[in-house]
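Let me begin by presenting the structure, written as structure tokens, before commenting on it.
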Amino acid sequence: MADRAGTTGPGRVLVAVYGVFALAAGARAVVQLSTRFADAPVAYLLSALAAAVYVVATVALARGGRRTALVAIGVELAGVLVVGTLSLLEPAAFPDETVWSAYGRGYLFVPLVLPVLGLLYLRRTARRRPGTAPS
């Protein structure tokens, strides 16, 4: 029986980091939405979205759902780039930080690096079709 992606080596580390981010972003969003929603609803809803994306990516990577992981990680990268840029250009629109604000500065830029590593991992572990040469 073949190993599923994400169950050994670098894949296991990637799944663990995504899991930690899912918990961190989720807990942060729950607290913010339940105690201070009126202060910065857009920022807090974006943190909840980030948590949901991290959960989907974690599960997809752990179970070998490559297409789902690819979509989730793509959404994550787009979110980090869009929210990161907007939070720097229009700081008034983000009265409180999200996970993706300033490209994840509050999380040591891991939210910016993580999807890049995830996409590289998915590319590296892609199954080759019979008769195709490695790229």
Side-chain angles (χ1 to χ4, degrees):
M1 187 169 175
D3 287 335
R4 290 185 310 210
T7 59
T8 61
R12 184 175 283 175
V13 172
L14 194 62
V15 169
V17 173
Y18 267 105
V20 167
F21 268 79
L23 288 172
R28 177 182 184 156
V30 166
V31 170
Q32 290 171 326
L33 290 170
S34 63
T35 62
R36 302 180 296 162
F37 179 75
D39 295 347
V42 171
Y44 302 152
L45 289 170
L46 284 170
S47 287
L49 174 64
V53 169
Y54 290 137
V55 167
V56 171
T58 302
V59 173
L61 287 167
R63 292 190 175 180
R66 299 182 65 78
R67 286 186 184 177
T68 303
L70 183 61
V71 170
I73 294 170
V75 168
E76 174 193 4
L77 182 58
V80 171
L81 295 174
V82 170
V83 172
T85 301
L86 290 175
S87 66
L88 294 174
L89 294 177
E90 286 293 329
F94 298 89
D96 200 355
E97 288 196 356
T98 74
V99 175
W100 295 336
S101 291
Y103 307 109
R105 178 177 51 208
Y107 289 87
L108 302 174
F109 300 101
V110 173
L112 179 61
V113 175
L114 191 57
V116 173
L117 293 176
L119 292 172
L120 289 172
Y121 173 78
L122 288 172
R123 181 174 181 209
R124 183 175 155 253
T125 60
R127 291 189 179 97
R128 307 235 191 278
R129 284 185 237 140
T132 60
S135 53

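These numbers come from the heavy atoms of this one structure, side chains and all, not from hydrogens, waters or symmetry mates. Counting begins at 1 with the first residue of the sequence.
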### Stepwise side-chain contact (heavy atoms from CB on, under 4.5 Å) check, Val99 with Leu46
CA-CA 8 Å; Val99 175; Leu46 284 170; over 6 Å; no

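- Contact record, Thr58 with Gly19: OG1-N, 3.3 Å, taken as the closest heavy-atom pair.
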Throw together a table of side-chain donor-acceptor distances under 3.5 angstrom for residues 35-44, partners on residues two or more places apart or in other chains.
from  : atom 1 : to    : atom 2 : distance (Å)
Thr35 : OG1    : Val31 : O      : 2.6
Tyr44 : OH     : Asp96 : OD2    : 2.7

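- In this structure, the side chains of Leu77 and Leu114 stay at 4.5 Å or more apart for every pair of heavy atoms.
- Among all heavy-atom pairs drawn from Ala102 and Ser87, the shortest one is N-OG, 2.7 Å.
- In this structure, Leu88 and Tyr103 have side chains that are in contact, with non-hydrogen atoms separated by less than 4.5 Å.
- With respect to Tyr18, the side chain to side chain contact (heavy atoms under 4.5 Å, CB included) criterion is satisfied by exactly one of Val55, Val59, Ile73: Ile73.
- Pairing each heavy atom of Val80 with each of Pro111, the nearest pair is CG2-O, 3.2 Å.
- Cluster annotation: Val53 is not connected to Leu23 through the hydrophobic network of ILVMFWY side chains, with a link wherever side-chain heavy atoms come within less than 4.5 Å.
- Taking OG1 of Thr85 as the start and CD of Glu90 as the end, the distance is 12.0 Å to the nearest 0.5 Å.
- Separating the CG atom in Leu122 from the CG atom in Leu14 is a distance of 7.5 Å, to the nearest 0.5 Å.
- Neither Val20 nor Val30 shares a network with the other; the hydrophobic side chains, linked directly or stepwise wherever heavy atoms of I, L, V, M, F, W or Y lie under 4.5 Å apart, form separate groups for each.
- Summarising the geometry of Ser47 relative to Ala29, their closest heavy-atom pair is C-CB, 3.9 Å, with the distance given to 0.1 Å.
- Just one residue in the list Leu119, Leu120, Val113 forms a side chain to side chain contact (heavy atoms under 4.5 Å, CB included) with Val116, and that residue is Leu120.
- What you find for Arg105 and Glu97 is that their closest heavy atoms are NH2-OE2, 3.7 Å.
- In this structure, Tyr54 and Trp100 have perpendicular ring planes: the angle between them is above 60°, well past the 30° mark.
- Leu33 CG to Arg28 CZ: the interatomic distance, rounded to the nearest 0.5 Å, is 11.0 Å.
- Criterion: ILVMFWY side-chain heavy atoms under 4.5 Å apart, direct or through other members. Under it, Leu45 and Val56 are not part of a common hydrophobic cluster.
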